[in-house]
Peer 1: 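Input: one structure, supplied below.
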Amino acid sequence: MAASRGAVVLKTVKKITVQFCPFESNVRSTREFLIVVGSEKARATNMNCEVIPEVKHDRTEPTIDITFLDGERLLMKGSRLTTQELLSALQTRCSAKDPQAKAGDKK
């Protein structure tokens, strides 16, 4: 799956809310994203990060709402994005906010 490229690091993330209707046809990438960020390996990078799944049965568009420690929010609509694109957007933003990750990328 998409996580095989690299580990997801949630160090700069305060809360992730994943909302979707499981009966819609366009939720696969959103559900896979939830599996990756909810995994033990990802959660171990920040034990204080809340991962909140909101499963609804009302034809809700799949969305991912990420709140960072500095208060910034990232809202992604999962219906038109792949799992890799969702994870890449999260990691890009996390890396930009974490000075240690920037130093690690230069090695």
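For clarity, every value in this text was computed on a predicted model and none was experimentally measured.
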Peer 1: Please tell me if the side chains of Phe20 and Leu34 come closer than 4.5 Å, counting only heavy atoms from C-beta onward.
Peer 2: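 Yes, close enough: below the 4.5 Å cut-off.
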Peer 1: Taking only residues two or more places apart in sequence, or in another chain, which ones meet Phe68 in a ring pair (Phe, Tyr, Trp, His ring centres under 6.0 Å)?
Peer 2: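 Phe68 satisfies ring pair (Phe, Tyr, Trp, His ring centres under 6.0 Å) with no other residue.
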Peer 1: Under 4.5 Å between side-chain heavy atoms, hopping through other hydrophobics if needed: is there a path connecting Ile16 to Leu74?
Peer 2: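 Yes, one cluster joins them.
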Peer 1: State, with a plain yes or no, whether a side-chain heavy atom of Asp65 is found less than 4.5 Å away from one of Gln19.
Peer 2: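 No, too far: nothing below the 4.5 Å cut-off.
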Peer 1: Does the side chain of Gln91 come within less than 4.5 Å of Val8's, by heavy atoms?
Peer 2: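 Yes, close enough: below the 4.5 Å cut-off.
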Peer 1: Rounded to the nearest 0.5 Å, how far does CG of Leu90 lie from CG of Leu86?
Peer 2: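 Taking CG in Leu86 and CG in Leu90, the distance rounds to 9.0 Å.
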Peer 1: Enumerate the salt bridge (Lys or Arg N to Asp or Glu O under 4.0 Å) contacts for residues 74-96, please, sequence neighbours excluded, ordered by first and then second residue.
Peer 2: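 Output for this query lists Glu61-Lys77, Glu72-Arg93.
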Peer 1: To the nearest 0.5 Å, how far apart are CG in Asp98 and CG in Leu69?
Peer 2: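 Reported to 0.5 Å precision, the distance equals 10.0 Å.
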Peer 1: Okay, side chain of Ser39, backbone of Val36: is any donor-acceptor separation there less than 3.5 Å?
Peer 2: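 Yes, the answer is positive, given that a donor and an acceptor are paired below the 3.5 Å cut-off.
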Peer 1: Report the C-alpha separation of Thr17 and Ile64 in whole Å, then their side-chain angles, then the decisive distance to 0.1 Å, and conclude whether the side-chain contact (heavy atoms from CB on, under 4.5 Å) test is met.
Peer 2: CA-CA 6 Å; Thr17 304; Ile64 299 166; over 6 Å; no
Peer 1: Would you name the heavy atoms of Pro62 and Ser79 that are closest together and state the gap between them?
Peer 2: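 Scanning both residues completely, I find the closest heavy atoms to be CG-N, 3.7 Å.
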Peer 1: Would Val51 end up clustered with Val27 when hydrophobic side chains under 4.5 Å apart are linked, directly or stepwise?
Peer 2: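 Yes.
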Peer 1: Given 3.5 Å as the limit, does a donor-acceptor pair link the side chain of Thr60 with the main chain of Lys56, or not?
Peer 2: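 Checking the backbone N and O of Lys56 against the side chain of Thr60, no donor-acceptor pair under 3.5 Å is found.
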Peer 1: Looking only at heavy atoms, which two atoms of Cys94 and Val13 are closest? And how far apart?
Peer 2: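 Between these two residues, the closest heavy atoms are SG-CG2, 3.6 Å.
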Peer 1: Under 4.5 Å between side-chain heavy atoms, hopping through other hydrophobics if needed: is there a path connecting Ile52 to Leu10?
Peer 2: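 Cluster IDs for Ile52 and Leu10 differ.
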Peer 1: Cys21 and Asp58: which non-hydrogen atoms are nearest, and at how many Å?
Peer 2: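 Nearest pair, atom of Cys21 first, then Asp58: SG-N, 4.1 Å.
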Peer 1: First locate atom OG1 of Thr83, then atom CD of Glu32, and finally report the distance between them rounded to the nearest 0.5 Å.
Peer 2: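 Thr83 atom OG1 to Glu32 atom CD measures 3.5 Å (nearest 0.5 Å).
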Peer 1: side-chain contact (heavy atoms from CB on, under 4.5 Å) for Thr45 and Lys11? Distances and angles first, verdict last.
Peer 2: CA-CA 6 Å; Thr45 62; Lys11 189 188 246 183; 5.6 Å; no
Peer 1: Give me the atom names and distance for the closest heavy-atom approach of Ser29 to Gly78.
Peer 2: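 Shortest heavy-atom separation between Ser29 and Gly78 comes out as OG-O, 3.0 Å.
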Peer 1: Any salt bridge (Lys or Arg N to Asp or Glu O under 4.0 Å) pairs touching residues 37-51, not counting sequence neighbours?
Peer 2: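 Those involving residues 37-51 do not exist here.
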